[in-house]
Amino acid sequence: KSKIFISASYFESFGLTLLEAISAECLVVSSNIEAHRELISNPSHFFDKSDSEKLSRILISNIHHLGEIKKFDPKFSQDNIDKAYVGALG
């Protein structure tokens with residue numbers, strides 16, 4: 001089972017993959033784009049798309065705490081993720 005999910009997207013219209021990673025209790029580290037900022041509340045887990053050094057620092061600083069990751073906000077429950085996904089499909 002994965003413990004870390006990294007999204008280095010330059011653009012996303014909706015962060016479905018982030019929601020899935022959150023639901024799977026992964027540490028989510030992502031590029032600092034609007035779609036990701038809407039879903040992730042911890043600004044220390046964002047990196048500029050061109051800053052691989054920052055990405056490295058985030059991973060190193062969190063690698064020893066992966067077992068402490070808990071489920072996030074209930075709004076990211078599987079039921080809510082399913083509803084958001086169906087809603088996004090129109």
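Keep in mind it's a predicted model, so treat the numbers as computed, not measured.
For the atom pair CG of L19 and CD1 of I40, the computed distance is 9.0 Å after rounding to the nearest 0.5 Å. Note that the CD atom of E20 and the CZ atom of F5 stand 8.0 Å from one another [nearest 0.5 Å]. For the atom pair CG of L18 and NE2 of H36, the computed distance is 4.5 Å after rounding to the nearest 0.5 Å. The distance from the CZ atom of R57 to the OG atom of S52 is 9.5 Å, given to the nearest 0.5 Å. Taken to the nearest 0.5 Å, the CD1 atom of I33 stands 9.5 Å off from the CD atom of E38. Between atom CG of residue L55 and atom OG of residue S50 there is a gap of 11.5 Å, rounded to the nearest 0.5 Å.
Residues satisfying the side-chain contact (heavy atoms from CB on, under 4.5 Å) criterion with N32, sequence neighbours excluded, are R37, F46.
Only one option out of I58, L59, I60 pairs with N62 in a side chain to side chain contact (heavy atoms under 4.5 Å, CB included); it is I58.
Considering only heavy atoms from C-beta on, K54 stays 4.5 Å or farther from D48 through its side chain.
Shortest non-hydrogen contact noted between I22 and L39 is CD1-O, 4.2 Å.
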Determine all donor-acceptor pairs shorter than 3.5 Å in which one atom belongs to a side chain in residues 8-16; sequence neighbours excluded.
from : atom 1 : to  : atom 2 : distance (Å)
S9   : OG     : S7  : OG     : 3.2
S9   : OG     : E12 : OE2    : 2.7

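Under the 4.5 Å side-chain heavy-atom criterion for Ile, Leu, Val, Met, Phe, Trp and Tyr, I4 and F47 are members of the same hydrophobic cluster.
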